[in-house]
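Taking it in order: structure first as structure tokens, then the write-up.
All figures in this text were calculated on a predicted structure; none of them were measured in a lab.
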Amino acid sequence: MFFFTRYPSSNLLKAYFPDVQFNRCITSQMIKWFSNFREFYYIQMEKSARQAISDGVTNPKMLVILRDSELFRALNMHYNKGNDFEVPDCFLEVASLTLQEFFRAVSAGKDSDPSWKKPIYKIISKLDSDIPEIFKSPSYPQELLRNEDPTERGAAGQGFLGLS
């Protein structure tokens, strides 16, 4: 789900987890999980932006996350450990944009301000995509595995930071 939305509302979570008996504590815990997912995501983006700067990259548009890049591998392993899900192209686009925003901010020295990441978070929060309806199905994980071609398993996660 994180591949489509980094900032789900409690109503969105309730719609996509029909088998969960929601109460205030469970809702709070699920929102906290997404917060932790975002924290990992943003840490990886900042680290990669700083690495690109130290590698001499000067144009943020050159920072494109491809399926065969290290950064993609790190994110895919974190959010898709079993590699059960084909990462959507929209995630690669948002991740590339996130990396470019971190690169611009660090390059411009904005990281000296304690709240320098907030403008990036605002941009990224507006880029959430629609989540496929299949995710609402309580049997979705079983359907995914049943329809999977075993020869393709693992092919989705072939990347990190690609420089175009």
Side-chain angles (χ1 to χ4, degrees), residues 1-10 12-13 16-17 28-132 134-135 140-141 144 148-149 151-164:
M1 192 172 183
F2 188 81
F3 291 128
F4 296 96
T5 182
R6 269 73 44 209
Y7 294 88
S9 66
S10 58
L12 187 68
L13 290 171
Y16 282 90
F17 292 95
S28 174
Q29 183 61 52
M30 289 186 84
I31 289 173
K32 182 174 171 70
W33 284 339
F34 270 86
S35 176
N36 291 339
F37 293 163
R38 282 191 306 273
E39 182 178 5
F40 178 82
Y41 175 77
Y42 288 129
I43 286 170
Q44 296 304 309
M45 294 298 165
E46 180 181 353
K47 191 167 75 174
S48 295
R50 291 182 186 283
Q51 182 63 51
I53 291 166
S54 77
D55 289 346
V57 175
T58 57
N59 182 352
K61 293 289 183 191
M62 292 183 65
L63 301 174
V64 177
I65 299 172
L66 305 172
R67 292 178 190 276
D68 64 346
S69 66
E70 271 181 61
L71 181 52
F72 179 84
R73 258 193 300 282
L75 295 171
N76 192 46
M77 280 298 294
H78 190 76
Y79 304 119
N80 192 20
K81 283 186 182 18
N83 215 22
D84 297 322
F85 180 76
E86 176 71 27
V87 178
D89 290 338
C90 62
F91 177 76
L92 295 172
E93 293 165 14
V94 170
S96 294
L97 195 112
T98 307
L99 179 58
Q100 292 167 10
E101 290 297 325
F102 269 90
F103 179 89
R104 285 184 188 98
V106 173
S107 294
K110 293 181 180 177
D111 56 335
S112 62
D113 179 344
S115 60
W116 70 279
K117 295 178 186 176
K118 286 184 181 178
I120 298 170
Y121 299 162
K122 276 183 138 176
I123 292 168
I124 303 312
S125 70
K126 295 175 184 168
L127 300 176
D128 284 354
S129 305
D130 291 334
I131 302 166
I134 186 71
F135 278 88
Y140 172 67
L144 182 70
E148 178 182 86
D149 177 352
T151 62
E152 291 181 8
R153 186 166 183 131
Q158 304 299 321
F160 190 6
L161 172 63
L163 301 178
S164 57

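- In this view, F103 satisfies the ring-ring contact (aromatic ring centres under 6.0 Å, His included) rule with no residue, not counting sequence neighbours.
- Here the NZ-CD1 distance, from K122 to I120, works out to 13.0 Å after rounding to the nearest 0.5 Å.
- Remark: Y41 pairs with T98 by the side-chain hydrogen bond (donor to acceptor under 3.5 Å, both in side chains) rule, at least two apart or across chains.
- Side-chain atoms of S54 come within 3.5 Å of backbone N or O of Q51 as a donor-acceptor pair.
- For S129, the side-chain contact (heavy atoms from CB on, under 4.5 Å) partners two or more places apart in sequence, or in a different chain, are F4, C90.
- In terms of heavy atoms, A74 sits closest to Q44 at CB-OE1, 4.3 Å.
- Residues forming a salt bridge (Lys or Arg N to Asp or Glu O under 4.0 Å) with E101 (at least two apart in sequence, or on another chain): R104.
- Atom NZ of K117 sits in a crowded spot, with more than 12 heavy atoms from other residues, nucleotides or ligands closer than 6.0 Å.
- Using a 4.5 Å cut-off on side-chain heavy atoms (C-beta onward), L63 and F102 make no contact.
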Y121 and R38: side-chain contact (heavy atoms from CB on, under 4.5 Å), yes or no, with the steps? CA-CA 10 Å; Y121 299 162; R38 282 191 306 273; over 6 Å; no
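- Panel note: side chain D55, backbone V57; no donor-acceptor pair is recorded below 3.5 Å.
- Between F3 and V94 the shortest side-chain heavy-atom distance does not fall below 4.5 Å.
- For the side chain to side chain contact (heavy atoms under 4.5 Å, CB included) with F91, the lone residue among I65, L75, N76, L127 that qualifies is L75.
- Note that CE of M1 is 11.0 Å distant from CZ of R6, once rounded to the nearest 0.5 Å.
- One distance of note links CZ of F34 with OG of S9; it measures 10.5 Å at 0.5 Å rounding.
- A search for side-chain hydrogen bond (donor to acceptor under 3.5 Å, both in side chains) contacts involving Y7 returns Y42, not counting sequence neighbours.
- In terms of heavy atoms, P60 sits closest to T58 at CD-O, 3.6 Å.
- Between the CE atom of M45 and the CZ atom of F40 there is a distance of 9.5 Å, given to the nearest 0.5 Å.
- Between the CZ atom of F2 and the NE2 atom of H78 there is a distance of 8.0 Å, given to the nearest 0.5 Å.
- The distance from atom CD of E46 to atom CG of L99, rounded to the nearest 0.5 Å, is 11.0 Å.
- Applying the 6.0 Å contact sphere to CG of N59 captures more than 12 heavy atoms from other residues, nucleotides or ligands.
- For W33, the ring-ring contact (aromatic ring centres under 6.0 Å, His included) criterion is met by no residue, not counting sequence neighbours.
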